[in-house]
Amino acid sequence: MATVPSPVTSISPPKSKFNEKISRFETLNPPQNPLSLLPKCTSLKELKQIQAFTIKTHLQNDLNFLTKFINFCTKNPTFTSMEYAHKLFDNISRPDVALFNTMARGYSRSNTPIQAIPLFSQLLSFGFLPDDYTFPSVLKACSSAKALEEGKQIHCLVIKLGLNHNIYICPSLISMYTECNDVDSARRVFDKMLDPCVISYNAIITGYAKCSRPNEALSLFRELQVKSLKPTDVTMLSVLSCCALLGALDLGKWMHEYVKKNGLDKYIKVSTALIDMYAKCGSLKDAICVFENMSIRDTPAWSAMIVAYATHGKGYKAIETFEEMRKAGVQPDEITFLGLLYACSHNGLVDEGWRVFSSMSDKYSIIPGIKHYGCMVDLLGRTGNLDEAYKFIDELPIKPTPILWRTLLAACSSHGDVELGKRVIERIFELDESHGGDYVILSNLCARAGRWEDVDFLRKLMNDRGVVKVPGCSSIEVDNVVHEFFSGDGVNTVSTSLHKALDELMKELKMVGYVPDTSLVFHAEMGEAEKEISLRYHSEKLAIAYGLLNTPPGSTIRVVKNLRVCGDCHSAAKHISQIFDRQIILRDVQRFHHFRNGKCSCGDFW
DNA sequence: GTAGGGTTAG
C-alpha cells in the first residue's frame with residue numbers, strides 16, 4: 001500500500017536554507033528591517049530575495065534603507081555589480097546627496113570609475129550641493145580614470161564651495177593630481193594647506209615616490225618628523241620605495257629600524273616593501289631575513305621574494321621559492337609569474353621559461369599580459385634565439401609595444417646581429433621614432449661592426465628628427481647623502497679633483513690590462529684620445545671613483561645607474577674590484593652586477 | 001558614512 005505523503009512535504013516547494021531564514025525572519029519579526037540579512041547574503045539570487053522581502057516591510061521607499069542596500073551592492077563585486085546598483089538607483093524617484101555619494105564611492109572603486117563623473121553632473125543638475133563625502137569619491141574616480149581635466153574642474157568647484165581646506169578633500173585632491181602625473185599641481189595644493197595632517201603628507205610623499213622624485217619625498221618625510229606627526233604604515237611604504245629608487249641601503253636600514261621601533265612591521269605590506277627595498281638596494285641577504293621573519297605571507301610577499309631572487313641572478317632559488325609558495329597553499333598571481341619568467345630569462349633557462357609560460361594559463365588561468373610576453377622575448381633574445389623571438393612578437397595575440405621590439409633590439413646588439421637589428425628598428429619606428437636609446441643601441445652595434453656609414457646615417461636621422469639621448473646618471477650614497485653624477489660631466493668643463501683622481505685611476509687600470517673599449521663611442525670622427533676621455537667620464541666611473549675616495553678601504557661600493565651599464569664601465573669595474581680589493585655592487589636599470597675579485601656575478605651576460 | 005596604499009618585462 002502506498003503511503004500518503006505528509007502535507008508539509010507535498011504542498012511546500014523545496015526551500016533553500018536561505019529561504020527558510022527569510023521565512024523564519026518574516027514570521028518572527030514581521031515588520032523589522034531586512035538589513036540584518038545582508039551580511040549573510042552570498043549570491044545575487046539571495047540579494048533579490050531580500051529585495052523582494054523589502055516590499056512586504058514597506059521599506060521600498062525608505063531612502064535610508066535603500067542607500068544601505070545599494071552600498072552593500074557596490075561593496076560586493078563578486079556577485080553583484082555597479083550596473084545592478086545603478087538600476088536600483090534609477091528607480092528611486094527622490095534621491096538625496098547621501099545616496100549619490102554612495103553611488104559615487106561605488107563607481108570610484110569599480111573598474112568603470114569614469115561613470116562617477118556623469119553621476120556627479122546629475123547630482124549638480126538636481127540642484128544638490130556636493131559635500132565632503134562626495135568629493136573624495138569623485139576625485140578618486142578621476143585618479144583611477146586618469147581624468148585630469150575633469151579633476152581640475154572638480155578642484156575649481158571645491159574652491160568655489162570653500163571646501164579647499166577640508167581634511168578629507170585635500171588628500172584626495174593631492175592624490176588625484178599625482179595619479180594624473182601632475183605632481184607639481186599636487187604640491188601646490190599641499191603647500192596651500194594650513195596644517196597638513198599625516199594623510200596629506202602620505203598623499204604627496206606617495207606622489208613623489210611614484211614619479212621617481214625620491215629626494216623630495218624624503219625631505220617631506222623629515223619635515224613630518226620635525227612636526228612630530230606620526231608616520232603611518234602608508235608613509236613607510238612610500239619612503240621605503242624611495243630608498244629602493246635611490247639604492248640607499250643605509251637609509252633603508254634606518255627606515256627598517258624605525259619600522260620595528262614603531263611596530264609597523266606587523267603590516268604585511270610594510271614587510272613586503274622592506275623585502276623590495278633590500279633587494280633593490282643590493283642586499284639580498286637582508287631581503288631574505290625579512291621574508292623569513294614574516295609570520296604571514298600573502299601573494300605579494302612571496303612575489304616580492306621571487307622577484308628579489310630573480311633580479312639578483314638566483315633563478316633556481318626563485319623557482320624553488322615558487323614551489324614553496326605552492327606548498328604553502330598561496331595562489332600565484334600575474335606578478336608572481338613575471339618574477340618567474342624574469343628569473344628564467346636572466347639565467348638563460350629556455351625550457352623552464354616555456355614551461356612556466358604555458359602553465360600560467362593552463363594550470364592557473366592567468367592570461368599572459370604584455371609584460372609576460374616581454375620576458376619571453378627577453379629569454380629568447382638573450383639566449384640567441386633571435387629569429388624565434390622576432391616570430392614570437394610578430395604572432396602575438398595583442399599589438400606589440402615598442403618596448404617589446406626594443407628588447408629584441410638589445411638582444412641583436414649583444415649577439416652582434418646588425419641585419420636583424422636594422423629590421424627590428426624599422427618595426428620600432430613604425431610605432432615610435434622618439435626614443436634616443438634605440439638609435440644609440442643600433443649605432444653602437446654598427447660601430448662595433450665597423451659600419452661607420454650606418455653610424456653616420458643614424459646620427460643624422462636623430463638630428464633631423466630632433467631626438468635626444470637620455471644622459472647617463474649614476475648615484476652613490478655616502479654618509480646618508482646621495483651624490484649624482486652625469487655622463488660627460490667634466491669633459492668640457494673645468495675638471496675637479498674627482499676627475500684628476502679618475503685620470504690617475506685609469507692609468508693604474510691600464511697597467512693591469514684594462515683597455516678602454518673606444519669602439520663603443522658613437523662618433524666616428526673623434527680621435528682615439530678624445531674617445532678615451534669621453535669614456536672616462538661616464539657616470540658609472542665617476543660614481544665609483546667618488547666611492548673609492550670617500551668610503552673606508554675594504555667597504556662595499558654601491559652605485560645605481562639610470563640606464564644599462566656600459567660595456568667599458570663593466571670592464572673597468574671588474575679591474576677596480578680587483579686592484580682595490582673592493583666589492584662593487586652596481587644596480588643598472590635592469591639588474592644587479594656584483595663585482596668581486598675581477599669578476600662580475602652576471603658572468604658578462606646582461 | 002568619509003582621505004593616503006607595497007610586489008610588475010625592456
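Note that these values count all heavy atoms, side chains included, but never hydrogens, waters or copies made by symmetry. Chain letters run A, B, ... following the sequence lines, proteins first, then strands; residues in each count from 1.
Going from atom CG of A:Asp432 over to atom P of B:dG10 covers 18 Å, rounded to whole Å. A:His372 has its NE2 atom 8 Å from the C1' atom of B:dT8, to the nearest Å.
Distance from the side chain of A:Asp276 is smallest for B:dT8 among the nucleotides B:dT8, B:dG5, B:dA9. Closest contact between the side chain of A:Glu179 and the listed nucleotides B:dG4, B:dG10, B:dG5 involves B:dG5. Listed candidates were B:dG10, B:dG6, B:dT7. Nearest to the side chain of A:Thr272 is B:dG6. Among the nucleotides B:dA9, B:dT7, B:dG5, the one closest to any side-chain atom of A:Pro300 is B:dT7. When each of B:dG10, B:dA9, B:dA3 is scored by its nearest atom to the side-chain atoms of A:Ser172, the top-ranked nucleotide is B:dA3. Listed nucleotides B:dG1, B:dG5, B:dG10 differ in distance to A:Lys68; the shortest reach to its side chain belongs to B:dG1. Distances from the side chain of A:Lys140 to the nucleotides B:dA9, B:dT2, B:dG5 place B:dG5 closest.
There is no side-chain donor-acceptor pair under 3.5 Å between A:Asn71 and A:Thr102. For the residue pair A:Tyr208 / A:Arg187, a side-chain donor-acceptor distance below 3.5 Å is found, with atom types taken as modelled. In this structure, a donor-acceptor pair under 3.5 Å is present between the side chains of A:Thr232 and A:Asn202.
A:Ala308 comes within contact range of no nucleotide atom at all, as no heavy-atom separation falls under 4.0 Å. Residue A:Asn101 is classed as a base contact, given a heavy-atom separation below 4.0 Å to a base. Counting non-hydrogen atoms under 4.0 angstrom, A:Tyr133 reaches a base of the nucleic acid. Among the heavy atoms of the strands lying under 4.0 Å from A:Val234 is at least one base atom, whether or not backbone atoms are also near. Within 4.0 Å of A:Ile167, counting heavy atoms only, lies at least one base atom of the nucleic acid. Counting any heavy atom pair closer than 4.0 Å across all strands shown, A:Ser303 reaches a base atom. Looking at heavy-atom distances under 4.0 Å, A:Ser238 makes no contact with the nucleic acid at all. If you check every strand for non-hydrogen atoms under 4.0 Å, A:Ile370 touches a base. A:Asp132 comes within contact range of at least one nucleobase, with a heavy-atom separation under 4.0 Å. As judged by a 4.0 angstrom heavy-atom cut-off over every strand, A:Leu404 is placed among the base-contacting residues.
Contact check, A:His165 against B:dA3: no side-chain N or O comes under 4.0 Å of OP1 or OP2. Phosphate contact (OP1/OP2 of B:dG10, side-chain N/O of A:Arg382, threshold under 4.0 Å): present. Phosphate proximity of B:dG5 to A:Lys210: present, with a side-chain N or O under 4.0 Å from OP1 or OP2. Residue A:Lys280 places at least one side-chain N or O closer than 4.0 Å to OP1 or OP2 of B:dT8.
Ring geometry for A:Phe357 versus A:Trp354: interplanar angle over 60°, hence perpendicular rather than tilted (30 to 60°).
Judged by the 6.0 Å distance and 45° axis criteria, A:Arg297 is positioned over the aromatic ring of A:Phe291.
Counting heavy atoms from C-beta outward, A:Cys211 and A:Thr178 have side chains that stay 4.5 Å or more apart.
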